[in-house]
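The block underneath contains the structure these notes are about, expressed in structure tokens.
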2 protein chains.
Amino acid sequence: MSDDHDESTLGRIETEVALLMRFGEATRRATGTAEHRVLDRAAYVILRHLADAGPQNVSALAARLNLDGSTVTRQVSALQRDGLITRTPDPSDGRGTVISPTPAGLQRMAAVQAARTRLYGDMLADWSPEDRSTLAALLGRLNQALINRNRPR
Amino acid sequence: MSDDHDESTLGRIETEVALLMRFGEATRRATGTAEHRVLDRAAYVILRHLADAGPQNVSALAARLNLDGSTVTRQVSALQRDGLITRTPDPSDGRGTVISPTPAGLQRMAAVQAARTRLYGDMLADWSPEDRSTLAALLGRLNQALINRNRPR
DNA sequence: ATAAGTACCTGTACGATACAGCTATCTGAG
DNA sequence: CTCAGATAGCTGTATCGTACAGGTACTTAT
């Protein structure tokens, strides 16, 4: 309350994030239903994370993606059905199952990623490189802040 | 491909937006379930829009929020059940129903909005005012770009 | 005055998610 | 070594947000 200007900045951020989520979801719905169809939101993040961080257990994925284990189990089952990941017993823990992306999975993920990147390229066509990288950096910091807040456990 | 640096910036933006949506949803789920409970995502945006743009018809809301009419109908029913909006026959169109926020609805919305804003204030506590307002501005531009892309109809 | 369009509602379906409970396995204390 | 408790993953069930299809009441244009 000391600084009304900053207060309203927070309000704007809140508004814009809410808006972004609405539009992001609408976009995902629209484009997702259209054709790709096979990579729903969670499936995409799962594949991305596997590609990024390597094969890992269901629980590791769940923890990382802030999802319930059962959710990941089902997503992973769907991905396996579609041949995009494989399950192998964890050699170091008989309870565990290691999830690895298949080449097809990686390729599918990369295709979606490329399409999305292209979309952003389109939308941000008239942005300066500085603005783009500033946005990327600030979003990164925002997410970091979110993570820090949600998981000081 | 002319500029590898910029290409990767787009990738980062794509990544961060995806992450933001995941965390945003998780946060909404967590905080929403906690206590307020009554303002799910759509309900919140509906109330916000009503507060912003005044009482209006279901279809106007649906169009504006990029939602199916039936979805808005149900959300509105829930809001009415909770006493947060009222339905009145549209005097100028016997088919229509005008949705107005009740004082309680406005208050609830404002409370959630304030809570969210506070949350952002918390998370961004160590950000400089410049970074905050840059983030707000860039998010605004990003949303504008999204809107422009989704609705050149 | 009647056909076409529109606004809203309802039935139904689906997808993503969570929570609770189950089984198999692991780990540590005795 | 044994067994109690923790953990990994799966399955059953429930909920929520959403869409599409169809119905009814009203409006508009001809």
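Throughout, protein chains are lettered first and strands after them, A, B, ... in sequence-line order, and every chain is numbered starting at 1.
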Trace of the side-chain contact (heavy atoms from CB on, under 4.5 Å) decision for A:Leu135 with B:Arg141: CA-CA 10 Å; A:Leu135 176 64; B:Arg141 282 179 63 195; over 6 Å; no
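Counting non-hydrogen atoms under 4.0 angstrom, A:Asn57 reaches the backbone sugars and phosphates but no base. In this structure, B:Gly96 reaches the sugar-phosphate backbone alone: every heavy-atom distance under 4.0 Å involves primed, P, OP1 or OP2 atoms, never a base.
When rounded to the nearest whole Å, the span between CD1 of B:Ile46 and C1' of D:dC16 equals 14 Å. B:Leu67 has its CG atom 16 Å from the C1' atom of C:dC9, to the nearest Å. As a whole-Å value, the separation of B:Arg87 CZ from C:dA7 C1' is 12 Å. Atoms CE (A:Met21) and C1' (D:dG17) sit 13 Å apart, rounded to a whole Å. Look at CG on B:Leu65: it is 14 Å from P on D:dG17, rounded to the nearest Å.
Proximity of A:Gln75 to the phosphate of C:dG15: no side-chain N or O atom is located under 4.0 Å from OP1 or OP2.
Minimum interatomic distance between B:Arg132 and B:Leu124 (heavy atoms only, all atoms of both residues): NH2-O, 2.7 Å. Pairing each heavy atom of A:Gln75 with each of A:Ile46, the nearest pair is CB-CD1, 3.6 Å.
A:Val98 and A:Val72 are members of different hydrophobic clusters when ILVMFWY side chains are connected at heavy-atom separations under 4.5 Å. Using a 4.5 Å cut-off between side-chain heavy atoms of Ile, Leu, Val, Met, Phe, Trp and Tyr, with links allowed through other members, B:Met21 and B:Ile13 fall into the same hydrophobic cluster.
Under the 3.5 Å distance criterion, the side-chain polar atoms of B:Thr97 are left unmatched by any main-chain donor or acceptor of B:Pro89.
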Across nucleotides 19-25 of chain C, 5' to 3', mark each nucleotide with B, S or - according to how protein heavy atoms within less than 4.0 Å reach it. B----BB
